[in-house]
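Each remark here refers to the structure printed beneath this line.
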2 protein chains.
Amino acid sequence: MDGNEYPLRRMEKMIEVLRENGCRITPQRLALLKILSMSDVHPSAEDLYAHLKRDFATTSLATVYKTVGLLREVGEVWELNFGDGKNRYDGNKPYPHVHLVCVKCKKVIDADMKSIRDFSKELSQKTGFRVLRQRLDFFGLCQGCQGVKQL
Amino acid sequence: MDGNEYPLRRMEKMIEVLRENGCRITPQRLALLKILSMSDVHPSAEDLYAHLKRDFATTSLATVYKTVGLLREVGEVWELNFGDGKNRYDGNKPYPHVHLVCVKCKKVIDADMKSIRDFSKELSQKTGFRVLRQRLDFFGLCQGCQGVKQL
DNA sequence: TTTTCTGCAAATGCTTTGCATGGGA
DNA sequence: TCCCATGCAAAGCATTTGCAGAAAA
């Protein structure tokens with residue numbers, strides 16, 4: 001459930017950036033930041049809403065969308081879409097990494113590969129494109145699902 | 001407007017696969033296959049619909065969606081989403097390649113990099129993940145947009 | 001002739017927006 | 001106190017579905 005070595009540090013960083021942008025730190029936002037900074041499963045808005053409802057019975061999906069939208073704008077969460085019609089949010093790894101999407105169990109695993117930088121550099125040199133950010137998604141079967149017969 | 005060396009061959013391949021799957025080749029489908037096999041700009045459903053209307057005034061978006069959905073199911077087009085809320089379709093390069101998405105002019109450039117295979121292999125070895133397909137999207141500025149002042 | 005496809009309209013599902021109330025700073 | 005945030009409901013959009021008529025094979 002953590003994946004990130006420093007979820008607390010991540011949360012504090014997000015709070016800091018929100019304050020810098022003149023945003024208020026409400027209990028709802030604090031709870032959402034906590035979930036985002038600790039989760040490494042790339043939750044959807046609905047997932048976040050379900051978690052949030054445990055502490056705030058009357059909270060709404062709209063608030064979730066507003067907050068993650070805000071965090072996306074200030075660069076503290078990544079909005080990801082793996083082609084299943086709904087966005088997912090990554091708030092704990094704001095640096096380049098690879099996603100391994102298991103087509104069977106639907107899990108999304110993060111992989112840190114140093115060679116991303118080499119690959120990116122080579123690409124820039126060959127094409128003249130200036131890379132600002134990247135999405136590297138590999139779809140396939142995770143180790144656990146490779147042994148299972150039925151695909 | 002081509003990008004693919006063999007648009008005709010691509011179209012024939014798609015027709016063949018559709019026939020193999022017991023699908024009928026209608027004039028509308030033929031026109032759509034032609035557009036898809038020749039275009040390298042990753043058109044959206046709306047884009048395809050606009051093109052198609054030139055020849056079929058009464059055609060509908062639903063038909064476009066049904067046909068690209070069919071082609072996707074038989075593996076002849078890739079459905080792509082670059083985070084702008086609408087899907088794009090790639091029917092002329094059914095092999096691994098990199099997308100360079102310009103955040104300014106919104107153009108999507110294809111880049112063929114031999115090192116994709118090395119990168120993918122290294123990833124499999126390190127993580128035990130079996131890669132079936134991949135999405136490698138780089139967001140940034142294309143050569144033409146790098147000189148422009150206003151971002 | 002049979003079965004699939006087309007295209008209109010309605011429905012769906014995720015996300016955004018408007019606005020009155022509530023709560024940080 | 002002054003705004004910003006919340007949360008409800010309604011709207012917005014891309015995509016899907018239902019179905020009657022049209023058209024491949």
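Within every chain, numbering begins at 1; the chains are lettered A, B, ... in the order of the sequence lines, protein sequences first and strands thereafter.
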Any B:Arg29 side-chain heavy atom under 4.5 Å of B:Leu70 side chain: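 The answer is yes, as the side chains (C-beta and beyond) meet within the 4.5 Å cut-off.
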Please tell me if the side chains of A:Leu30 and A:Ile15 come closer than 4.5 Å, counting only heavy atoms from C-beta onward.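 Side chain of A:Leu30 against side chain of A:Ile15, heavy atoms only: contact under 4.5 Å found.
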Is [X] touching bases, backbone alone, or none of the nucleic acid, heavy atoms closer than 4.0 Å?
X: B:Thr63; value: base
X: A:Ser44; value: nothing
X: B:Glu46; value: nothing

Nearest-Å distance for atom pair [atom1]/[atom2], residues [X] and [N]:
X: A:Arg72; N: C:dT16; atom1: CZ; atom2: P; value: 6 Å
X: B:Leu61; N: D:dT15; atom1: CG; atom2: C1'; value: 9 Å
X: B:Leu32; N: C:dG7; atom1: CG; atom2: C1'; value: 15 Å
X: A:Lys53; N: D:dG7; atom1: NZ; atom2: C1'; value: 13 Å
X: B:Tyr65; N: D:dC13; atom1: OH; atom2: P; value: 13 Å
X: A:Ile25; N: C:dG23; atom1: CD1; atom2: C1'; value: 14 Å

For the helix from C:dT1-D:dA25 to C:dA25-D:dT1, figure out the bend between the end axes, five pairs an end, and round to 10 degrees.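 Angle reported: 40°, given to the nearest ten degrees.
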Please tell me which of the listed nucleotides, D:dA25, C:dC5, D:dC4, lies nearest to the side chain of B:Arg29?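 From the listed options, C:dC5 comes nearest.
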Proximal nucleotide (of C:dC8, D:dA24, C:dG23) relative to the A:Arg24 side chain: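 From the listed options, C:dG23 comes nearest.
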Working to the nearest 0.5 Å, report the span between OG1 of A:Thr67 and CD of A:Gln28.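 Going from the OG1 atom of A:Thr67 to the CD atom of A:Gln28 covers 8.0 Å.
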Rounded to the nearest 0.5 Å, how far does NZ of A:Lys121 lie from CZ of A:Arg117?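 Here the interatomic distance stands at 9.0 Å.
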Between B:Glu122 and A:Ser115, is there a side-chain donor-acceptor contact under 3.5 Å, judged purely by atom types and distance?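 Their side chains do contain a donor-acceptor pair, which is all the 3.5 Å distance test asks for.
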Salt bridge (Lys or Arg N to Asp or Glu O under 4.0 Å) between B:Lys93 and B:Asp112, worked out: CA-CA 10 Å; B:Lys93 291 208 174 181; B:Asp112 302 332; 3.6 Å; yes
Ignoring hydrogens and angles, does a donor from either the side chain of B:Lys66 or the base of D:dG18 sit under 3.5 Å from an acceptor on the other?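 Flag set: donor-acceptor pair detected.
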Between A:Asn87 and C:dC14, is there a contact of a side-chain N or O with OP1 or OP2 at under 4.0 Å?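 No, because none of the side-chain N or O atoms of A:Asn87 sits under 4.0 Å from OP1 or OP2 of C:dC14.
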Just to confirm, is there a sub-4.0 Å distance from OP1 or OP2 of C:dG24 to any side-chain nitrogen or oxygen of A:Thr26?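 So the side-chain polar atoms of A:Thr26 never come under 4.0 Å of the phosphate oxygens OP1 or OP2 of C:dG24.
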Do the ring centers of B:Trp78 and B:His99 come within less than 6.0 Å of each other?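 Between B:Trp78 and B:His99, the centre distance exceeds or equals 6.0 Å.
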